[in-house]
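Heavy atoms only: backbone and side chains are in, while hydrogens, waters and symmetry mates are out.
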Amino acid sequence: MKRIILSLAFIFIGQIFLYASDIQKCKQQIIDWHLSSIFSDEGLTDEIIALTDSGSYIDLSVKELFLNIRLPEQIIYHWVETQTENGGWRDIDYRDKDPSGWAPSFHVMRLFHLAKAYQSQQMPTYHSDKVLAAYMQGLRFWVSFTLTCPNWWYTEIGINKMLGPALLLMENLLPEDLKMQGVEQLKRSKIGLSGQNRVWLAGNVVYRALLQNDEILLKEARDVILSEIYITTEEGLQPDYSYHQHGPQLQFGNYGLAYALSMTYWTRAFRNTQYSFPDEKIQVVGNYILNGLNKVVWGGYMDYSACGRQFFKNAQRGKALALAQSLADMSVVTDAASAQVYKIAYRNILIPPSSVARAEGTTAFYRSDMLISKIGDAYFSVRLASPWTIATEAGNGENLKGYYMGEGVTSYMRNGNEYENIFPFWNWRRLPGITVPDDTIPLPLLTWDGYRNDSTFAGVLSSGTAGVAAMILGRDGISGNKGYFILGNRMFCLGNSLQTQAGQPLITTINSTYLEGGIRWRTGNNKMDRVDDNFSAHIRKPVILEHNGWRYYITENQTLNVAIAPSQGSWHEIARFYADKEKQDTLFTVTLNNDSGKYEYMVMPANDNNQEVDYSQVKITNTPLVQLVEDMEEGTVCGVCYRPGLFPLKKSLLKVRYISLSGQALFILQKEKDGGLKISLSDPTRRQKSISLGLYGKYESGRYDRKRNMTFFNIAFPQGDESGKSVPVVVRYR
């Protein structure tokens, strides 16, 4: 009996040591994470200080970049020298009640950086007595008061996200009374709420559990964080690796980015301990980052269409850099082969190559009505709104002009910075890709509810190398068909049946961006002319326009307007927390008047070695029944069927002369190397159970109609939560 008791005792003692060892390991891994810096190592410290306005940035994901660098010693010693005798700083307003940028939070931010400066061997401030004294004085000052922000988020989440690591970094040097006072501050964070707020709160509880060496509380908080790693069709991580918050609304750059940062941080903090996340959970996070967030970043900048309501200063660059941190974290916690993929991805953000060249193809986020293309050295995107997705929202005085952000907005990037900080200068009725009334009525202000397109036709489709997006407009009395077709490194944009109930003239914007150098244009075989000022013309034959590495091809019988003009604006008009101070820049904006109710144009990279495009190999059909773009050279057809029917095709695509569809659909036909025909379809109505597809000729596996010489295939559409998802089918001619 004594032996049994002794054995149980040894097991119990062993478990205690195991828990203690794992707690210490988690502490050390958190400390190591905060002392390392991919940004400082890559020489990006000065950029991040400027980009985040020395840590006062409004968006948390970008603000944290300031915490993830090693500050220059002059900044650290300036704080040391300007600290008051009681441990505060005169340049911080401790009576501030601003709910957006609560001033007292900067005190805790300084404590964190003082701790980091003292403990980092890479910094000249390493083990500086002056830095240590400033930290201790500052901490005693902070814990002596119970400062509360009117915005609960700062009090319960934001402050303790910085205070927790600041205490862990210096735990071995803290007097016991000061440590316990710090822990009392952390107790203001309690597990609760939902989504990302729940993750943040649980993370703050982890810091407290580690400081108290409380393995029970640690496991409870860790389990809460882990429980938020799952794929859902409610708010959160979607099956197509997009991210929703505040209803079915794409939130890549806002809540979705914060989610990625939190999950990869805690994955590193708990790894190789009993608290480690299971491999399958880590894989879910990794898939989201690579196949979701990283898809909307190009050349070190995030697509503005993916930033949610946060059209802030430096948002595109800042959010991309924040994503780089998550990618770097994933490279540490995964296998060697996958680690290399993550390393390449984050280095392409930190120091993007001068000419980004990838062959990733197209991605259709069918749960969020967004189409992305990364082919060659060009990035394209399209954002739609539908009854199933919210285009955008406005709240907290943010996104004051985003009324048209879901009307088929497009983004074209080669360098990545084409739209960075353009928001105050934009005419928000001239967003790239949208079709709206040509008037100057003030834009309505959206609410937290955002808006949806009332038409029940909207969707996206990808075959991997080609893509289609389309919608029927249904808002404010505007109607019409809008289709977007990506073939290789070209995007074709088609519209028809465009009209308003009030009979207002409509205008479609091709692009609006900064003026970079001059503009060149020509019609037919004429010599390219340079344009340096406003230009407008009624074009009765095709015109080619080039600007800043992009070529725009406009077909005949359209009124083209090119504006090169200074534009004034204030960031205050975009988000209320910015100062009401006007700035000016010069924009290039190209639009089409939709006098005939239709438009057609193509956008592609313009390189010095570009060969002329042989448009005889591209056939465009743009009718109320169907929109088709047929590339006979590549053997690809992209289409949108608005009404069931039989549609003629060119003979050179295999042997297909006609295609018939029994319902509405987006579709792509592609010639396979082995002689087969790949067909990709999706249901833009999300309510059809199946569709009958007919192809001219005799094919295997279908029902052949000898009289019409057509083969018919019945193709089932995904239902329920997967409605709108693409269906791939491969058929072979016989």
Show the nearest heavy-atom pair for residues G663 and Q688, with the distance to one decimal.
CA-OE1, 3.4 Å
Contact between T334 and V341 at the side-chain level, heavy atoms closer than 4.5 Å - yes or no?
no
Any side-chain donor paired with an acceptor under 3.5 Å for K482 and T435?
yes
How many angstroms lie between atom CZ of F492 and atom CG of L494, to the nearest 0.5 angstrom?
8.5 Å
K671, R490, K619 screened by salt bridge (Lys or Arg N to Asp or Glu O under 4.0 Å) with D631, the one that passes:
R490
Could you check whether T392 and N399, counting side-chain N and O atoms only, form a donor-acceptor pair closer than 3.5 Å?
yes
Could you check D329 against V333 for side chain to side chain contact (heavy atoms under 4.5 Å, CB included), going step by step and ending with a plain yes or no?
CA-CA 7 Å; D329 289 341; V333 300; 6.0 Å; no
State the CD1-CZ distance between I225 and F277, to the nearest 0.5 angstrom.
5.5 Å
Treating Q238 as the side-chain partner and E234 as the backbone partner, does any N or O pair qualify as donor plus acceptor under 3.5 Å?
yes
Just by modelled atom types, is the N417 backbone N or O under 3.5 Å from a matching donor or acceptor in the N415 side chain?
no
Is a salt bridge present between K374 and D303, judged by a nitrogen-to-oxygen distance below 4.0 Å?
no
Which class fits the ring pair Y552 and F588: parallel under 30°, tilted 30 to 60°, perpendicular over 60°?
tilted
Between the main-chain N or O of A260 and the side-chain N or O of S326, is there a donor-acceptor pair closer than 3.5 Å?
yes
Exceeds 12 heavy-atom contacts within 6.0 angstrom, atom NZ of K63:
yes
With rounding to the nearest 0.5 angstrom, report the CD1 to CE distance, I289 to M330.
5.5 Å
is_close_aromatic(Y642, F457), centroid dist under 6.0 Å:
yes
Look at E393 together with R309 and state whether they make a salt bridge at an N to O cut-off of under 4.0 Å.
yes
Side chains of T465 and Q670: is there a donor and an acceptor less than 3.5 Å apart?
yes
Pairing donors with acceptors under 3.5 angstrom, does anything connect the side chains of S463 and S680?
no
Nearest heavy-atom contact between S512 and I422 is O-CD1, 3.9 Å
About how many Å separate NZ of K281 and CD1 of I229, when rounded to the nearest 0.5 Å?
6.5 Å
So, F380 versus Y484, ring centres under 6.0 angstrom or not?
no
Which word best sums up how the rings of W426 and W428 line up, parallel for under 30°, tilted for 30 to 60°, or perpendicular for over 60°?
perpendicular
Would you say the side-chain atoms of E407 and Y451 include a donor-acceptor pair closer than 3.5 Å?
yes
Straight-line distance of D59 CG to N254 CG, nearest 0.5 Å:
6.0 Å
Side-chain donor or acceptor of E630 paired with backbone N/O of V618 under 3.5 Å
no
Could you check whether any side-chain N or O of E360 sits under 3.5 Å from a backbone N or O of G376, counting only pairs where one atom can act as donor and the other as acceptor?
no
Taking the six-membered ring for Trp, are Y419 and Y304 parallel (under 30°), tilted (30 to 60°) or perpendicular (over 60°)?
perpendicular
Given E228 and M263, is the side chain to side chain contact (heavy atoms under 4.5 Å, CB included) satisfied, shown in steps?
CA-CA 9 Å; E228 292 297 322; M263 292 308 177; 3.7 Å; yes
What one should report as the nearest heavy-atom pair of Y514 and E420 is OH-O, 2.6 Å
Do Q283 and D279 have side-chain atoms, one donor and one acceptor, less than 3.5 Å apart?
no
Treating S726 as the side-chain partner and S682 as the backbone partner, does any N or O pair qualify as donor plus acceptor under 3.5 Å?
no
Does the R383 side chain pair with the main chain of A391, one donor and one acceptor, at a distance under 3.5 Å?
yes
Check V468 against C638 and note the closest heavy-atom contact, atom names and distance.
CG2-CB, 3.7 Å
I'd like to know if the side chain of H244 reaches the main chain of R367, judged simply by a donor and an acceptor atom lying under 3.5 Å from each other, with no hydrogens or angles considered.
yes
Please evaluate residues Q325 and F39 with respect to the criterion side chain to side chain contact (heavy atoms under 4.5 Å, CB included), reporting the C-alpha separation (whole Å), side-chain torsions for both, the decisive distance (0.1 Å), and the verdict.
CA-CA 9 Å; Q325 181 66 67; F39 305 111; 3.5 Å; yes
Crowded around R271 CZ? As in, over 12 foreign heavy atoms under 6.0 Å?
yes
Could you label the plane-to-plane angle of the Y243 and Y288 rings as parallel, tilted or perpendicular, counting under 30° as parallel and over 60° as perpendicular?
tilted
Do you see a donor-acceptor pair shorter than 3.5 Å between the side chains of Y57 and N314?
no
Under 3.5 Å: donor-acceptor pair, side chain of Q310, backbone of A315
no
Do any N or O atoms from the side chain of S331 and from the backbone of K343 form a donor-acceptor pair under 3.5 angstrom?
no
Quick check on E280: does its CD atom have over 12 non-hydrogen neighbours (other residues, nucleotides or ligands) under 6.0 Å away?
yes
Distance from Y379 atom OH to R414 atom CZ, nearest 0.5 Å?
15.5 Å
Test F365 against K295 for side chain to side chain contact (heavy atoms under 4.5 Å, CB included), laying out the working first.
CA-CA 10 Å; F365 293 108; K295 294 293 184 182; 4.0 Å; yes
Which atom pair, heavy atoms only, marks the closest approach of D240 to S368?
OD2-N, 3.9 Å
